[in-house]
Amino acid sequence: MTEQTETLPAVPLPDVRLRVPTHEDAFTWHRLFDDPEVMEFHGGAPAELSMYEELTARQRRHDAERGYCLWTLLDASGAPVGFTGAQPWSRPWGPTGEIEIGWRLGRAAWGKGYATAAAHATIERLRAAGVPGVVAMVDAGNARSVAVTRRLGMVLGETFTTPEPPGADGSRRVAYCFRLTL
């Protein structure tokens, strides 16, 4: 008697496009991410518009200089739903200097496959740019992003405990560093 393994059909991922963020995208990102649930693993509080203006300007420079950045993520209709992309990890703890891929979506786009589809598109662009490998730093409590890393074939490399921010209440977070060789 032979044993058969039943496989489920693959769920198709949504069509996505990535574009270099425009100045107008700062306003869009501010609106999409002005939600405590969206920001739960990114400091908890929504950021000021000026932070997104600086961030989108920096991403335009990164794309021009490196060939990659945090791109605005567009759905099939061309509407922005978040961002995805890559940039060097710049914090003094963790995989300093390594290329980190990441994604952040507005709440309305969660659970629809956008993060996975966009991360696949990001990986293809990074391969084309000659990037040999990437990391994804994910808060240990962020089950949705951990699931995306698994769908991408990333493996858990290290676990870090964040340093205590100055003047903080002593709370520190555990972050997973997932790795993928391109």
What about [X] and [Y], same hydrophobic cluster or not, with Ile/Leu/Val/Met/Phe/Trp/Tyr joined at side-chain heavy-atom distances under 4.5 Å?
X     : Y      : value
Tyr52 : Phe41  : no
Val20 : Val131 : yes
Leu74 : Trp110 : no
Leu32 : Leu49  : no

So, taking the atom named [atom1] in [X] and the one named [atom2] in [Y], what distance separates them when rounded to the nearest 0.5 Å?
X      : Y      : atom1 : atom2 : value
Trp71  : Thr56  : CH2   : OG1   : 15.5 Å
Glu54  : Gln59  : CD    : CD    : 8.5 Å
Phe178 : Ser145 : CZ    : OG    : 9.5 Å
Glu124 : Arg127 : CD    : CZ    : 5.0 Å
Thr28  : Asp25  : OG1   : CG    : 5.0 Å

(message) For residues 142-152, which residue pairs pass the salt bridge (charged side-chain N to carboxylate O under 4.0 Å, His left out) check, not counting sequence neighbours?
(response)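 Listed by first then second residue: nothing to list.
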(message) Who clusters with Trp93? Use side-chain heavy atoms, under 4.5 angstrom, across I, L, V, M, F, W and Y, and order the result by chain and number.
(response)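 Result for Trp93 is Trp89, Met137, Phe160.
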(request) If you link ILVMFWY side chains whenever their heavy atoms are less than 4.5 Å apart, which other residues fall into the same cluster as Val135? By chain and number, please. (result)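 Taking Ile, Leu, Val, Met, Phe, Trp and Tyr as members, Val135 stands alone, with no cluster partners.
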Has [X] got a side-chain atom pairing as donor or acceptor with [Y]'s backbone, closer than 3.5 angstrom?
X      : Y      : value
Thr149 : Val146 : yes
Arg179 : Val134 : no
Thr84  : Leu73  : no
Arg125 : Leu18  : yes

Taking all heavy atoms of [X] and all of [Y], pick out the closest pair and write down the distance.
X      : Y      : result
Thr116 : Leu152 : O-CD2, 4.2 Å
Tyr114 : Leu105 : CB-CD2, 3.4 Å
Gly97  : Pro88  : O-CB, 4.4 Å
Met39  : Pro46  : CG-CA, 3.9 Å
Thr22  : Arg60  : C-NH1, 3.2 Å
Val148 : Ala115 : CG2-CB, 3.9 Å

Quick one: are [X] and [Y] in side-chain contact, heavy atoms under 4.5 Å?
X     : Y      : answer
Arg66 : Arg61  : no
Phe27 : Glu53  : yes
Leu13 : His120 : yes

(request) Give the C-alpha distance, both sets of side-chain angles, the deciding distance and a yes or no for side-chain hydrogen bond (donor to acceptor under 3.5 Å, both in side chains) between Trp103 and Thr122. (result) CA-CA 10 Å; Trp103 45 86; Thr122 295; over 6 Å; no
(request) Output all residues satisfying salt bridge (charged side-chain N to carboxylate O under 4.0 Å, His left out) with Arg173, sequence neighbours left out; order by chain, then residue number. (result)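 Partners of Arg173 under the salt bridge (charged side-chain N to carboxylate O under 4.0 Å, His left out) test: Asp139.
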(request) Output, in order, the C-alpha distance, side-chain angles, deciding distance and verdict of side-chain contact (heavy atoms from CB on, under 4.5 Å) for Met154 and Ile101. (result) CA-CA 11 Å; Met154 299 184 87; Ile101 63 169; 4.1 Å; yes
(message) Apply ring-ring contact (aromatic ring centres under 6.0 Å, His included) to residues Phe33 and Phe83 and explain how you reach the verdict.
(response) CA-CA 10 Å; Phe33 308 144; Phe83 67 62; 5.4 Å; yes
(request) Can you tell me which residue pairs pass the side-chain hydrogen bond (donor to acceptor under 3.5 Å, both in side chains) test with a partner in residues 29-41, sequence neighbours excluded? (result)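 Of all non-adjacent pairs touching residues 29-41, those that pass side-chain hydrogen bond (donor to acceptor under 3.5 Å, both in side chains) are Trp29-Thr72.
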(request) Could you list the residues that satisfy side chain to side chain donor-acceptor pair (under 3.5 Å) with Ser77, not counting sequence neighbours? (result)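 Scan of Ser77 (side chain to side chain donor-acceptor pair (under 3.5 Å), adjacent residues dropped) gives Asp75.
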(request) Please report the C-alpha distance between Lys112 and Val81 in whole Å, then the side-chain angles of each, then the deciding distance to 0.1 Å, and finally whether the side-chain contact (heavy atoms from CB on, under 4.5 Å) criterion is met. (result) CA-CA 11 Å; Lys112 298 177 181 174; Val81 296; over 6 Å; no
(request) Look at atom CZ of Arg58 and say whether more than 12 heavy atoms of other residues, nucleotides or ligands are closer to it than 6.0 Å. (result)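 Yes, because the 6.0 Å sphere around CZ of Arg58 holds more than 12 heavy atoms from other groups.
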